[in-house]
Number of protein chains: 2
Amino acid sequence: MASMQQIADALGITRTHVARALSGRGYVRRSLKQKILRVARQMNYRPNRSAVALATQRTMTIGLFMDLDPSYFGAFSPSFRIVLCLSDALERWGYSLKMMPPHATGAEGIDGAICVFKSGLRHWAKVRRPSLPAVAILRHDAGSVAEAERLEMPWAAYDRRPGMSALAALCARKGLRRVGLLSFEMPRDNPGLAEIRAALAQHGLSLPDTDIFEIQRCPETLIAQMVELAPRLRALDLCVLRSNQVAVPFYQAAHLVGLRIPADLSLAGYDNAYYTDRFDPPVSSLQFSIEALCAQAAEAVTSAIAGEDFDRQIRIEAEFVDRGSIR
Amino acid sequence: MASMQQIADALGITRTHVARALSGRGYVRRSLKQKILRVARQMNYRPNRSAVALATQRTMTIGLFMDLDPSYFGAFSPSFRIVLCLSDALERWGYSLKMMPPHATGAEGIDGAICVFKSGLRHWAKVRRPSLPAVAILRHDAGSVAEAERLEMPWAAYDRRPGMSALAALCARKGLRRVGLLSFEMPRDNPGLAEIRAALAQHGLSLPDTDIFEIQRCPETLIAQMVELAPRLRALDLCVLRSNQVAVPFYQAAHLVGLRIPADLSLAGYDNAYYTDRFDPPVSSLQFSIEALCAQAAEAVTSAIAGEDFDRQIRIEAEFVDRGSIR
DNA sequence: TTGTACGCGTTATCAT
DNA sequence: ATGATAACGCGTACAA
């Protein structure tokens, strides 16, 4: 790992040239610039975070606003993956990530913010300073996007529609005509529900209200509720599991009542297949790259801080991955 | 928020005095030192992390080595709490926390390390540089402590024995004579098992092998396994749940077979009552302060970096908290 | 006991 | 187009 001075010494030039070549600001003749960049790479140049921070009067720290629900349901969330991916991605830009505690009442000591999902957005809304660049990471739906737009925030969101379309196409191809949905209680205008129905409709399929099975958010009775629903679910050709939070207990309930997957019932997850990935079979599900989402969000916020242009509306498309839970 | 220079200006002295007074190194006359400290407090002095880092050639970053098991079982762990608490605690010492990715093959860019549990210790062992201060956060048992000592690392551990003693005393007092244990498969020389037996023995109670009920680590069959065990568990006066990972599914299984808690069976958790804290009733369990544990570990590692003396063997005692799951 | 001066690595400004 | 230099806030060696 080399500093600017070491590169300058190696080339027999002044530090100033190196700084200009690496920052892209100021004038360096093209040939020299190329040489500097090459040597910088060879010598493994990394900017010194502390020095940059001191000179620019920044902290080189990005605050993470994310709700860390400590309940049973919160356990089944990709929070940790998001933290790791963001931390990794930001590091490449010379920034570090700081988790803002739930009780944080200010946004001190950070150069920018990343807000995860609606809950993170709400936390941020309470403490935000308008001058502080921030981006949102969202599930792509009308409500979330509207909330980000209202705060005039750029966002990066994953869009389930392409994956859901692929799933609907698969159903049509395989002749799985009766499709149901297992979900926690949700309002009837839930955007996910509308998405699922739209995708199915594209392929001549429908999801009647009577095939939507809702579960109460009560951890103790979770399995019992699903056991009770089993006979009715058995009548479906395919059951869509709304999230990991229903997928895991559903597998457990299915085993309990001898419902074989996929022999007796085909399953598809409407979310990344966290936590069921070691099940047999893992749930076939929508899938999008958290790495990509976080990398894009990180690039957006760092660009915003640097005053550079960037894409204020980033979409990551989910695909559908068949892992064997569909007959 | 004021800098040293601002304090010096306010007092009409040089910055050097302020630096010496605040650091405690070097000579300042007592009266002046008092005044400086008072004014520093009034003006809300905070050291500038970047400046400290640049001047001392440190990164002011502590690496966190912790296994983030992405499986079903990993979901029921206090990892997130530990990250938040450590991050909070380190911030008070001017340090920030960096999660070291599982694939990290080096320990670059950090001034010290905190390793969580045996798995974190093993990761650290692969990448450690002996010159880099590190502390371990452990469950207090012979194996973990031995591993830390072998690496010549200071450690902070929580000790369940006081809490377990209190639980055993409660059992004796209430006449709960037949005590069983529900646990994942474990070797017979498991240190936790020995601890539980020792505590019970103190109060004239025993835990025969026949009252140890072991569960296979298979998420799909988890509930079914427990349902099957229910009749035998019912015969106990009190069932000790080895961890949250069995506690949550056990509550679900109990509801399924109509086993009422505590009317039909008294329960006690051998771990903090994460995830069951919103159950009815929450499990009465051992309890220790993660905040305290993390704060101590943070202080230890920062002291080690500063070359100061510190306690190399820190114990946090668990107590027992009755939340209503014992008749 | 007190003050001066330099260094840390980078950014940014001002002369050449 | 190029190079020299001040600033950023703090630690510290050394001189007074």
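Lettering follows sequence order; numbering is per chain, from 1. In this text the structure is predicted, and so the values were computed from the model without any measurement.
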Between CG of A:Asn48 and C1' of C:dG9 the distance, given in whole Å, is 5 Å
Please name all residues satisfying side-chain hydrogen bond (donor to acceptor under 3.5 Å, both in side chains) with B:Gln313, sequence neighbours left out, ordered by chain then number.
B:Glu149
A:Gln57 side chain N/O closer than 4.0 Å to the phosphate oxygens (OP1, OP2) of D:dG9?
yes
Is the phosphate of D:dC14, meaning OP1 or OP2, less than 4.0 Å from a side-chain N or O of B:Tyr27?
no
Kindly indicate whether a cation-pi arrangement holds for A:Arg139 with A:Phe117, taking the cut-offs as under 6.0 Å to the six-membered ring centre and within 45° of the axis.
yes
CG of A:Leu22 versus C1' of C:dG9: gap in Å, rounded?
12 Å
Consider the side chain of A:Tyr45, meaning its heavy atoms from C-beta on, and name the nucleotide among C:dT10, D:dC14, D:dG9 that approaches it most closely.
C:dT10
Mind calculating the distance between CZ (A:Arg58) and C1' (C:dG9) to the nearest angstrom?
15 Å
Could you check how far CD of A:Gln5 sits from C1' of C:dT10, rounded to whole Å?
11 Å
Counting side-chain heavy atoms from CB outward, which of C:dA12, D:dC10, C:dC8 is closest to A:Arg25?
C:dA12
Tell me the interatomic distance from A:Arg20, atom CZ, to C:dC14, atom C1', rounded to whole angstroms.
11 Å
In this structure, how many angstroms lie between the P atom of D:dA1 and the CD1 atom of A:Ile13, rounded?
16 Å
Below 4.5 Å, heavy atoms only, C-beta onward: do B:Ile290 and B:Tyr274 meet side chain to side chain?
yes
Can you tell which of D:dA13, C:dG9, D:dG9 lies closest to the side chain of B:Ala55?
D:dG9
Need one value for A:Thr16: base, sugar-phosphate or nothing, where a base atom within 4.0 Å counts as base even if backbone is also close, heavy atoms only.
base
Mind telling me whether A:Phe76 and A:Tyr275 have parallel, tilted or perpendicular rings, with 30° and 60° as the class edges?
perpendicular
D:dA1 C1' sits how many Å from A:Lys33 NZ, rounded?
14 Å
For A:Arg49, answer base if it contacts any base atom (sugar-phosphate contacts may also be present), sugar-phosphate if it contacts only those atoms, and nothing otherwise; contact means non-hydrogen atoms under 4.0 Å.
nothing
Please determine, for the side chain of B:Leu54, which listed nucleotide (D:dC14, D:dT2, D:dG9) has the closest atom?
D:dG9
Whole Å only: how far is the CE atom of B:Met4 from the P atom of D:dC10?
6 Å
Under 3.5 Å, is there an N or O donor on one side and an acceptor on the other linking the side chain of B:Arg15 and the base of D:dG11?
yes
Tell me whether the rings of A:Phe80 and B:Phe80 are parallel (<30°), tilted (30 to 60°) or perpendicular (>60°).
parallel
